[in-house]
Amino acid sequence: MPIMSQRMTDIPKAYDPHNVEKKWYEFWMERGYFRPGIDPDRKPFVIIMPPPNVTGELHLGHALTATIEDLMIRWHRMKGDPTLWLPGVDHAGIATQFVVEQNLASQGLSRHDLGRERFLERVWEWISKYRGAISEQHQRLGVSCDWERECFTMDEGPSRAVRTTFLRLYDKGLIYRGERIINWCPRCTTALSDLEVEHQELPAHLYYIRYRLAGDDGYITVATTRPETILGDTAVAVNPSDERYTGLVGKKAALPVIGRLIPIIAHDAVDPAFGTGAVKITPSHDPVDFEVGQEHGLELVNILNPDGTMNENAGPYAGLDRFACREAILADLKNEGLFIETKPHVHSVGHCCRCGTAVEPWASKQWFIKIAPLAVPAIDAVVDGRVRIIPERFTKVYLNWLENIRDWCISRQLWWGHRIPVWYCDRCGEIIVAVDEPQACTQCGSADLVQDPDVLDTWFSSGLWPHSTLGWPEQTDDLKYFYPTSVMETGYDILFFWVARMVMMGLENTGQVPFDTVYLHGLVRDEKGEKMSKVKGNVLNPLDAIDQYGTDALRFALSTGTSPGNDIRLSSQRLEGARNFANKLWNAARFVAGNMQQGTKTAGVVPDGLPLEDRWILSRLNRLLITVNRLMDDFQFGEAERQIHDFLWGEFCDWYIEMAKLRLNESPSPIPVLGHVLETSLRLLHPFMPFITEEIWQNLRERLGDPAPDSIMIAPYPIGDDTAIDADAERQMNLVIDVVRAIRNERAEFRVEPSKWIEAFVVAHDSRPALEAQAAAIQTLARARPLHLIGPEDARPDKAKTLVLTGAEVFLPMAGMIDVEAERARLQSEIEQNKADIARFESRLDDEKFASRAPAHIVERERDRLQGCRDRATRLAQRLAELS
RNA sequence: GGGCGGUUAGCUCAGUGGCUAGAGCGCUUGCUUCACACGCAAGAGGUCACUGGUUCAAGUCCAGUACCGCCCACCA
């Protein structure tokens, strides 16, 4: 005992994460544990980390990604798999250019003041300043990724992969340049893909406007939500079957204000029931109108400048902002008597996902990927199961998107990003697409080549990430060994942006799927369920959470009791709960360490001949190990953690340690099972809470005589042994627990002072030997002394509180405190309840179909239960009779 | 207009056909019990949204309804 109390003072009472996290992270790094051990005979486990924005800050979504990926990685590493987790960062075209431009703006400069080259220098400076912050944040989260393989999308390797892919797709005719309607952001002054546009339903107006007919004093009335685009109209269309307008088709109408004459045409796409049944056609600024224009050979009249102001085609309105122009034109129409009426109308307006500005559909010359041919193999891969999506419901979402996919606009009018590898010959106009910069025109030999000024959509390089990071297009050793990767873990919000494109590009470039499994996690929300955003100010910085609660607590809070694809609400209460669990574990370890004498063997513990509580906890532990391994295999990490938590707190601490204390009071000889269960649990928990488990494990290791590796992170992951499962021990222990709880319950009910001992009689039936062996424990845990273990026939106290349990009865003689009437009523109600139970079990068992169709062990269990209820019924009845 | 998800204790959520449906937080009562007050013990609290179906057995599977949320879509 002196040894124990002495040691206890060595270890602080509360777990302090800050003293341990840095220490162990450095230790792991120094030892090189994060590097994969390559074994050509073993299939590796590989995760490529979703690359965060190079100039960004990690938010809780990244913390969740890091947590789930790290737990998978650590688990596989402990299982002995060659394990690679490859980190990286993304150049994030628009986002990065945006922050650097804002920084310039604070100095009163625009990127145009600097020019392209100097602007890019600024971007690189900015990156060199902020890039390290991301990895530092990641390291504080405990990520065990291979930093030596860290990649940046703008590195030479991935950049070459980008150009190579571009060339290959161009040669195949899958990349083309063409004039199409794209989404234009006037603030970012670049084209966007359809995915980068967020549609919002907004209340607006439908304006009815008259166009004068040419050579006639009649009118045709159109309805539009965007009167300013009148200036770009090149036709009015009606449905060919619409009799109201049959006479007008082929005639001309004059545009209001500017008077330009446009034809009236017939087209199926016009819905006669909408508005007036006549629609103005603006091929330059509307996707449907563009199609109509193509079919009818209509002219494209662009009326906008890149910044959203009106251009010279807008005549008197040139220079006005598009929204100011709308008001101005409406006023003029009213003056001219061409404005008829306005009706409220809800329609959806696209906004730039980066800056929130309303985007303009705009006919513009851009580069596109003809994506449908690439989608087909990506669909097949998921349909035939080469790629599995978790949770499964997203399979349908994925397939639906790919089946209806439209060409992908990949050119961006930005400076920061992968420059499009296309050169134009100034002399002959030849278009040269090449991986390396050409020195002369392949056609005419001229050296006057100008590279396309645009850059590629950031997601183009992201789509190549799983193979470009491993060395593609070179057939590197890494590519050969680690590709295809194992799991792609990311948020469901980028299923289309990223996951689908990786499948398409991976298959296209390598002929293989990029990963076997897609694991999609949910969004992290605040305690009110709202999306975290800087604007709302409800963003919780992961580092703040770590400072306050510790990394393990943050990881535990983010991943426990959650399920794939479902959003997570993170609150301070949740973090506190996780921190409390870490502290509980810490203190359990403090207790165990204090009782572990130097050289106590904890490995190779066998249940044979051990006391009941030892056999019980070993049985429970092994059940847990089997369950957790099954859950991990099945990607149910949150449930696995919950089970570990419940075992450690509710079984190991609440019962096993409490009973161990009694034994240690009797005799100071060490209890190997105590150390064994803790040590095994630490390894089981390590992937989820890496720091505290390492700290305790190392501390324990010094006391262990067993040979062990230098770190818990390379120790073997525990697997269950079903021969350790001992149903008898569990049954007996349950009875002990029931008896103790029953007595405690009554003590509380009768307000017996906590320190006071009370006398108890326990009638044991089949389990009498077990209860006798546990008499001392029951006494102490229930504070019941003297405790009389008696037979069913033995005399028991007269006026006693009686508790009829399934395998025992407890009598508590509480002099003067028993109300016989109340006691009788209570027993009567228990009898009623018991009767109902019996009836339920009987009717189930009497059903022949149940007996014949239910599995044998279920039938058996129901029989046992019925028997237990019947026994109890008898004893309840007896007891009631005794009371009268 | 299509599709998906949710609806389980006061709150937040687990529960992937089989005990009498669980946890954390909150609440009530009592405890400075020698690992832990970031704790211990006891307790209250449920028509698993609703209707029907499949099954020996449904919170769990199927169909429909209601409400909430999300995604997709060229509704001028």
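Lettering follows sequence order; numbering is per chain, from 1.
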Search all heavy atoms of A:Thr221 against all heavy atoms of A:Tyr245 and return the closest pair with its distance. O-OH, 4.3 Å
Nearest-neighbour nucleotide for the A:Arg744 side chain, B:A14, B:C74, B:A41 considered: B:A41
Grab the NE2-P distance between A:His645 and B:C38 for me, whole Å please. 16 Å
With rounding to the closest Å, how many angstrom separate the P atoms on B:C11 and B:A58? 28 Å
So, do A:Ile230 and A:Tyr211 sit near enough that their side-chain heavy atoms are less than 4.5 Å apart? yes
Look at A:Trp655 and B:C40 and indicate whether a side-chain polar atom (N or O) is within less than 4.0 Å of OP1 or OP2. no
B:A42 versus B:C61 - spacing of their P atoms, nearest Å: 35 Å
Between B:G26 and B:U12 - C1' atom distance, rounded Å: 11 Å
Between A:His347 and A:Arg741, whichever has its closest RNA chain B nucleotide further toward 5' is A:Arg741
Which nucleotide sits closest to the side chain of A:Arg840: B:C25, B:A76, B:U20? B:U20
Within this structure, what is the NZ-to-P distance between A:Lys13 and B:U32, rounded to whole angstrom? 15 Å
Whole-Å gap separating P (B:G22) and CD1 (A:Ile644): 21 Å
For A:His857, answer base if it contacts any base atom (sugar-phosphate contacts may also be present), sugar-phosphate if it contacts only those atoms, and nothing otherwise; contact means non-hydrogen atoms under 4.0 Å. nothing
B:C25 and B:A14: how far apart are their C1' atoms, nearest whole angstrom? 14 Å
Could you check whether A:Gln636 gets within reach of a base, just the sugar-phosphate, or nothing at all, counting any heavy atom under 4.0 Å? base
I want to check something: taking the side chain as every heavy atom from C-beta on, are A:His645 and A:Thr560 in contact at a cut-off of under 4.5 Å? no
Heavy atoms only, 4.0 Å cut-off, all strands: where does A:Val397 land among base, sugar-phosphate and nothing? nothing
Minimum-distance nucleotide to A:Phe591 side chain [options: B:A35, B:A42, B:G5]: B:A35
Starting at CD1 of A:Ile838, measure out to CD of A:Gln833 and round the result to the nearest 0.5 Å. 11.0 Å
Please compare A:Tyr492 and A:Pro564 by the position of their nearest nucleotide in RNA chain B and report the one closer to 5'. A:Pro564
B:C36 base / A:Lys584 side chain donor-acceptor hit below 3.5 Å: yes
Check every strand shown and say whether A:Arg393 touches a base, only sugar-phosphate, or nothing at a heavy-atom separation below 4.0 Å. sugar-phosphate
State which of B:A76, B:A14, B:A42 makes the closest approach to the side chain of A:Ala748. B:A42
Do the side-chain N or O atoms of A:His285 get closer than 4.0 angstrom to the phosphate oxygens (OP1, OP2) of B:A76? no
Nearest-nucleotide pick for A:Phe841, side chain only, options being B:U20, B:G18, B:A35: B:U20
Closest to the A:Ala588 side chain: B:C74, B:G5, B:A35? B:A35
From B:C36, B:A76, B:G18, pick the nucleotide closest to the side chain of A:Ile858? B:G18
Using a 4.0 Å heavy-atom cut-off across all strands, classify A:Pro855 as base, sugar-phosphate, or nothing. base
A:Phe290 near the nucleic acid: base, sugar-phosphate alone, or nothing, with a heavy-atom cut-off under 4.0 Å? nothing
pair_partner(B:C70), Watson-Crick or wobble, both distances < 3.5 Å, evaluates to B:G3
Nearest whole Å is fine: how far is B:C36 C1' from A:Ile692 CD1? 12 Å
Knowing that exactly one of A:His285, A:Arg326, A:Lys280 qualifies, which makes a side chain to side chain donor-acceptor pair (under 3.5 Å) with A:Thr229? A:Lys280
Under 4.0 angstrom between A:Arg865 side-chain N/O and B:C19 OP1 or OP2: no
Side chain A:Gln643 and base B:A23 donor-acceptor under 3.5 Å: no
Using a heavy-atom cut-off of 4.0 Å across all strands, would you classify A:Arg406 as base, sugar-phosphate, or nothing? sugar-phosphate
Is any side-chain N or O of A:Arg590 closer than 4.0 Å to OP1 or OP2 of B:C36? yes
Nearest-Å distance for atom pair NE2/P, residues A:His199 and B:C71: 12 Å
Rounded to whole Å, the CG-C1' distance (A:Leu206 to B:A76) equals 8 Å
For B:G39, take OP1 and OP2 only and decide whether either is under 4.0 Å from a side-chain N or O of A:Asn580. yes
Integer-rounded Å distance: B:C71 C1' and A:Leu399 CG: 15 Å
Distance between C1' atoms of B:C38 and B:G24 (Å, rounded): 14 Å
In the structure shown, which nucleotide is the Watson-Crick or G-U wobble counterpart of B:G39, with both distances under 3.5 Å? B:C31
Derivation of the side-chain hydrogen bond (donor to acceptor under 3.5 Å, both in side chains) call for A:Asp633 and A:Asn629: CA-CA 6 Å; A:Asp633 276 330; A:Asn629 277 283; over 6 Å; no
Side-chain N,O (A:Asn566) to OP1/OP2 (B:A14) below 4.0 Å: yes
A:Phe581/A:Phe688 under ring-ring contact (aromatic ring centres under 6.0 Å, His included): CA gap, chis, key distance, verdict: CA-CA 12 Å; A:Phe581 174 57; A:Phe688 309 99; over 10 Å; no
So, is A:Ser563 close to the B:A14 phosphate, meaning a side-chain N or O under 4.0 Å from OP1 or OP2? yes
Any N/O donor-acceptor pair, A:Glu201 side-chain to B:C75 base, under 3.5 Å: yes
Under 4.0 angstrom, heavy atoms only, what part of the nucleic acid is A:Lys396 near: base, sugar-phosphate, or nothing? sugar-phosphate
Minimum-distance nucleotide to A:Asn587 side chain [options: B:A35, B:G24, B:A41]: B:A35
Using a 6.0 Å cut-off, check whether atom CD of A:Glu753 has over 12 heavy atoms from anything other than its own residue. no
Regarding A:Asn734 and A:Arg731, is there a side-chain donor-to-acceptor distance under 3.5 Å anywhere? no
When the C1' atoms of B:U29 and B:C68 are considered, how many whole Å apart are they? 38 Å
Nearest-Å distance, CG (A:Asn583) to C1' (B:A35)? 10 Å
Flag the pair A:Val279 / A:Val222 as yes when at least one side-chain heavy-atom distance between them is below 4.5 Å, and no otherwise. no
For A:Glu198, which contact category applies under a 4.0 Å heavy-atom criterion: base, sugar-phosphate, or nothing? nothing
Within the structure shown, what part of the strands sits under 4.0 Å from A:Val222 by heavy-atom distance: base, sugar-phosphate, or nothing? nothing
Side chain of A:Ala854 - closest among B:G18, B:U16, B:C74: B:G18
Do the side chain of A:Lys849 and the base of B:A57 come within less than 3.5 angstrom through a donor-acceptor pair of N or O atoms? no
Can you tell me which nucleotide in B:C25, B:C4, B:A42 comes closest to the side chain of A:Gln573? B:C25
